[in-house]
Amino acid sequence: MASSTLLEPLLTTDQIQSRTRELAREIARDFGSEPILMVAILKGSFLFLADLIREFGDNVMVDFVMISSYGDGTESSGNVQIRKDLDINIEGKNVLIVEDIVDTGATLSHLCELLQTRRPKALKVVALLSKPMARKQHAPLDYVGFEIPNEFVVGYGLDHAERYRNLPYIAILSGLTP
Ligand code: XMP
Ligand code: MG
């Protein structure tokens with residue numbers, strides 16, 4: 001059967017890059033000269049992380065967590081599970097969670113709660129995208145790239161069933177069969 005899915009461009013590569021540089025400047029200003037441990041949530045944030053860290057000097061460390069709440073569908077299940085935990089001990093460190101997109105807020109509120117129990121010096125969150133209309137739980141966002149409508153988006157790390165992560169821009173994916 002022929003696929004009738006459609007990619008409708010939402011954010012260009014240039015828009016993403018210049019907003020990422022602005023976010024990096026804000027973050028660097030707030031943390032000053034102190035080292036930052038960036039904790040990226042796999043897999044969706046890998047390109048955002050890659051562009052963000054290159055705006056910083058040599059006082060940045062990186063670690064990853066993998067969390068699942070979606071499966072292959074386009075609706076959050078609300079059932080948040082840690083599938084890969086941090087390698088680095090965050091006690092006493094400045095931690096910045098790097099997230100691709102905040103939807104219901106379930107992933108972030110769960111992760112922040114967990115990481116706070118490990119006594120970081122500071123815990124902040126940057127998300128490239130936020131869908132405010134989809135929020136069901138409070139998600140403590142310190143830095144947001146773009147607020148977007150409540151549509152399913154792909155590209156620049158974001159997938160649908162593992163496809164489209166390599167698109168250099170962000171697009172609304174429509175025409176999905178339910
Ligand atoms: P919650 O609901 O926990 O969701 O805030 C956050 C996670 O859900 C994924 N997500 C998306 N992935 N296009 C995607 O490719 C989307 O429009 C979308 N909305 C949410 C994403 O993995 C995020 O970490
Ligand atoms: Mg995903």
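Counting starts at 1 for both ligands and their atoms, in listed order. In what follows, every heavy atom counts, from backbone to side chain, and hydrogens, waters and symmetry copies are set aside.
- Note: the hydrophobic cluster containing L141 does not contain M133 (ILVMFWY, side chain heavy atoms under 4.5 Å, direct or indirect links).
- For the pair K93 and D63, the salt-bridge criterion is not met [side-chain N within less than 4.0 Å of a carboxylate O].
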Side-chain donor-acceptor pairs under 3.5 Å in residues 31-51, sequence neighbours left out?
from : atom 1 : to   : atom 2 : distance (Å)
E34  : OE1    : N94  : ND2    : 2.7
E34  : OE1    : K121 : NZ     : 2.8
E34  : OE2    : K121 : NZ     : 3.2
K43  : NZ     : E162 : OE1    : 3.2
K43  : NZ     : E162 : OE2    : 3.3
S45  : OG     : I41  : N      : 3.2
S45  : OG     : I41  : O      : 2.6
S45  : OG     : V98  : O      : 3.4
D51  : OD1    : R54  : NH2    : 3.0
D51  : OD2    : Y156 : OH     : 2.6

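- Between V153 and ligand 1, an N or O atom pair is found at a separation short of 3.5 Å.
- Within the structure, the closest approach of K131 to ligand 1 falls below 4.0 Å when heavy atoms are considered.
- Every residue two or more places apart in sequence or in another chain that forms a side-chain hydrogen bond (donor to acceptor under 3.5 Å, both in side chains) with R135 is listed here: S130.
- Using a non-hydrogen distance threshold of 4.0 Å, K136 does not register as a contact of ligand 1.
- For ligand 1, the atoms lying closer than 4.0 Å to a non-hydrogen atom of E99 are 23 (C), 24 (O).
- The proximity of H160 to ligand 1, defined as any non-hydrogen pair under 4.0 Å, does not occur for either the backbone or the side chain.
- Between E22 and R19 there is a salt bridge, with a side-chain nitrogen of the basic residue lying less than 4.0 Å from a carboxylate oxygen of the acidic one.
- Looking at G105 next to ligand 1, an N or O pair under 3.5 Å apart turns up.
- Listed by number with element, the atoms of ligand 1 under 4.0 angstrom from any heavy atom of T107 are 1 (P), 3 (O), 4 (O), 6 (C).
- Under 4.0 Å from ligand 1, not a single heavy atom of V80 appears.
- Of the inter-residue distances, the one linking T12 atom OG1 with I170 atom CD1 reads 9.5 Å to the nearest 0.5 angstrom.
- Put simply, part of D100 is less than 4.0 Å from ligand 1, judged by heavy atoms.
- With values rounded to the nearest 0.5 angstrom, L128 atom CG is found 8.5 Å from I101 atom CD1.
- Atom CZ of R83 and atom CE of M66 lie 5.5 Å apart (nearest 0.5 Å).
- By heavy-atom distance, the residue among V154, D103, I148 lying nearest atom 4 (O) of ligand 1 is D103.
- Short contacts between ligand 1 and E151, defined as distances under 4.0 Å to a heavy atom of the residue, involve ligand atoms 17 (O).
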